[in-house]
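Sequence lines set the chain letters: A, B, ... in the order given, protein chains first and strands last, and positions in each chain run from 1. Note that these values count all heavy atoms, side chains included, but never hydrogens, waters or copies made by symmetry.
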Amino acid sequence: MDQLSRTYEPQEFEKRIYQFWEAGGWFAPPEDESLARFSIVIPPPNITGSLHMGHALQYTLHDIVTRWKRMRGHAALWLPGTDHAGIGTQMVVERQLHSEKTSRKEIGREKFLERVWQWKEQYGGRITQQLRGFGSSCDWSRERFTMDPGLSRTVRTVFVSLFKEGLIYRGEYIVNWCPRCQTALSDLEVISRETAGKLYHVKYPLKGSRDYVVVATTRPETMLGDTAVAIHPDDDRASRLKDSVVVLPIMGREIPVIEDEFVDREFGTGLVKVTPAHDPNDFEVGRRHGLAEITVMDGTGKMNENAGAYAGKDRFQARKEIVQELRKKKLLVKIDDHTHAVGHCQRCDTIVEPTLSKQWFVRTKPLADAAKAAVVDGRIRIIPEIWSKIYYDWMDNIRDWCISRQLWWGHRIPVWYCDDCGEVTCEVTDPPACRCGSTRIRQDDDVLDTWFSSALWPFSTLGWREQSRDFRRFYPTDVLITGYDIIFFWVARMIMMGLKFTGEVPFREVFLTGLVRDASGQKMSKSKGNTIEPDQLMSEYGTDAMRFALAIQSVPGTDIPLHPGRMKGYRAFANKLWNATRFVIMNLPEDLDEELTGELTFADRWIEARLGQVAAQVNAAMSLYKFYEAADTLYHFLWHEFCDWYIELIKPRLTSGQATVSTVVLLKSLRSVLKLLHPFMPYVTEELYQKLPHCEPALIVAAYPPGGVDQAGEQIIAEMKTLQAVVTSVRNMRSENSIDPARKIDLILASQLDASRAFLEQRHDDLCTLTRSKSLTVGRAHAGEKGCLRGVVGDIEISIPITDFADIEAEKNRIQKEIQKAEQEITNLNRRLSNHDFLEKAPEKVVREAEQRQKDVVARREKLETLLRRLA
RNA sequence: AGGCGCGUAGCUCAGUUGGUUAGAGCGCUACUUUGACAUGGUAGAGGUCGACGGUUCAAGUCCGUCCGCGCCUACCA
């Protein structure tokens, strides 16, 4: 057996262990179809990024669940992969081209895509290496990428199908346009932020009159595209203004005054300018009233040829100049400060410009109804449940999804337009010609939103299109684990698409994790500079410590503040485990016969009972995704029971050097601890398992203890509690009286109860060891000798004869304090027990417990008082 | 504007369907280098559970109001 180093040094074995697992082929689910199966697909990280703490959290939880299921005997599949991140990746490569003094437009679409693929080949692997570093037990043989041929084919299949069904359409609508990314965005990709702005009140002269109306706007530059002024029909001024014509300042265009109920009479002047081509609201009004739609900006945020003298100017520059011109013309009434929500591009933070544009959309309503139903009727369970409501709200108010992006990197829309007959062809395979026979067909230039392909992920990755064996075996997946921030982006859309195309839910459960924050609870962001990198934590504390810290803080429904101090603590925990194993190895004979039998000691039976109990608790917690509870249970058990009590109890026996059945129990119980902890701390547990005698090839495929405890076990556990209480009390007496920890004492215990005395006699050696006593006497009652420290635990009285009291007053105070505590409790209990309502209405069990408790505490107080009198 | 969540020890958080004496980790104090581990051991201090009111025999837990903090959604120009 290898000797272990004195301290835990994770860097020395993590890589090696991962390779060991991978080489063993244990990440792939066994072929055996009779096994219960478990499957989970990764929320694909995008290839341009690096994995942050949020990923570390999510993938840690994925791995914990997967390893747990695998050890529970499931054919467990965790399918890994990445997504192509349309805008992000395109931007990265464009930057690269820029530094080479060229551009995507210069090199053309085909060359550009080659460059992106090159980039993907070169850097895409970083992510998966990092994912491996987390200890992720993904099946790499099934790794997928959203732009793989197979997945791309699925995207096309789905698109064509939705198109033919009329659920995908193309049309000219207002969309969110990012002038910097130069593409349309979906509503979700727009972050609206409260922004301090101005509200400009502008006079619009009435035609053929000296009179005018005043409108209020936050974006004066859009007025160049105004095609009406609107008023609420109930407004007193409406009858007067009805059918009036207004002369639009600067442009001189004559535009009508219209009545529409959308106008908020309380806001601004109660009159609103209508710019159908640059405001979603106005767009609706415009369509209702048949207004002209005049676009006054181009795709880069500059004013266009419809903007008259302002053509070519940046939209914000134009705003300034237009305000000036209005002022000069005495048309500016006033400028108020005004805070309002302004849309920003999620990717680049540029202010989004709502723009009229021809885009592709998914008609979501029919899909949303089915998707909502799946959660309502319980086919999908969302955990924590609170998110269900938010999911319903979104589904109820869903709007059509703009899926076209003016990018080159992504799934190109499989639609062709004929130059000759104008026919639109939508096919899975590239058509050679139009139906009219013309070969002058052009494919749509745009690509699809990356989330479109992500929405298909659970079934596209498993081979839905070809109805593969994997698909039949592993779909629907068991659970989806991800952050609550992408519930709409991704979770909702996967449910819509999964139901639509497979007829089944994509997953049966959704576990939404919290967000990882910094130590002060702030959201981590690069701009704030408060990010913590997983790589840094792993090298400093070890991967297992990071994983454990994340798991033990993973309470469903709450965010996770990250404290480096905690990482340190869990590194110490790993060290504790390391040294406990080191201790066991040091005490193991060369060739231990694991078949040894014999009578089990108290400590043996106790640790076995507790292991059964703990395993049952851990399994129960895991099945409810209570990672924190499972981790916390194990933390406490290993450190404060296995090490503090069990190992301490068996130490004296081990020095005898003779292997007995107890040695076997020691080894087996340590192995159980390693198994229980393995999903949480896979590296260190595997490393240690390999150092111990073992029969299964690796811990990763060892059987997870199912747990359970019988009545005899419960009995032992209760007895141990008594022993612990006596020991703790003695230690406290020693400590409070400054008895040198090295000094051996004579311990006297007394009880009126035969059973207690018998038990104490049986535990004679254990008690001496743990209290550092050189002798133990058990009797019926105290002899009453002077010069003793006294204590009470239940029915057991404790005395420690000492002749050299350091401070007799201190001892009196100590007992005095205990009496006070008892008094307080007696008062409380008396109050309850003298209350008739309590006696009548509370359950009998509760009353009986209170009565028993009262008897116990009163007895305790009396004993303490006796002790105090004797001391005096 | 609407919706949601949070407020428990110095810090970060647990606390099941209301029921003994409200827990943990870190930090703190004292003692302790005993042959697994000082990344250790033993003991201890520390909380009127944000405030007020209500329901109940019984409230950290359920209800209401208020205060403080955070988040999400939304087309008030």
RNA chain B in dot-bracket form (Watson-Crick or G-U pairs under 3.5 Å, [ ] crossing, | inter-strand) is (((((((..((((.....[...)))).(((((.......))))).....(((((..]....))))))))))))....

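The side chain of A:Trp645 contributes no N or O atom lying less than 4.0 Å from OP1 or OP2 of B:U42. Remark: A:Asn732 is in phosphate contact with B:G44, judged by side-chain N or O atoms under 4.0 Å from OP1 or OP2. OP1 and OP2 of B:A24 both lie 4.0 Å or more from every side-chain N or O belonging to A:His640. At B:U12, none of the side-chain N or O atoms of A:Thr558 fall inside 4.0 Å of OP1 or OP2 (strictly under the cut-off). Contact between the side-chain N/O atoms of A:His338 and the OP1/OP2 oxygens of B:A77 is found at a separation under 4.0 Å. For B:A38, neither phosphate oxygen OP1 nor OP2 lies less than 4.0 angstrom from any side-chain nitrogen or oxygen of A:Lys576. Between A:Arg731 and B:G41 there is no side-chain polar atom (N or O) within less than 4.0 angstrom of OP1 or OP2. Contact annotation: A:Tyr484 side-chain N/O to B:C71 OP1/OP2 distance is not under 4.0 Å.
For A:Arg219 and A:Tyr200, the positive end is not near the middle of the six-membered ring at less than 6.0 Å and at most 45° from its axis. Remark: A:Lys568 is not positioned above the aromatic ring of A:Phe573, lacking an NZ or CZ atom under 6.0 angstrom from the ring centre and at most 45 degrees off the axis.
To the nearest angstrom, C1' of B:C13 lies 16 Å from NZ of A:Lys626.
The base of B:A30 is not paired with the side chain of A:Glu736 by any donor and acceptor separated by under 3.5 Å.
Every residue two or more places apart in sequence or in another chain was checked for a salt bridge (charged side-chain N to carboxylate O under 4.0 Å, His left out) with A:Arg582, and none qualifies.
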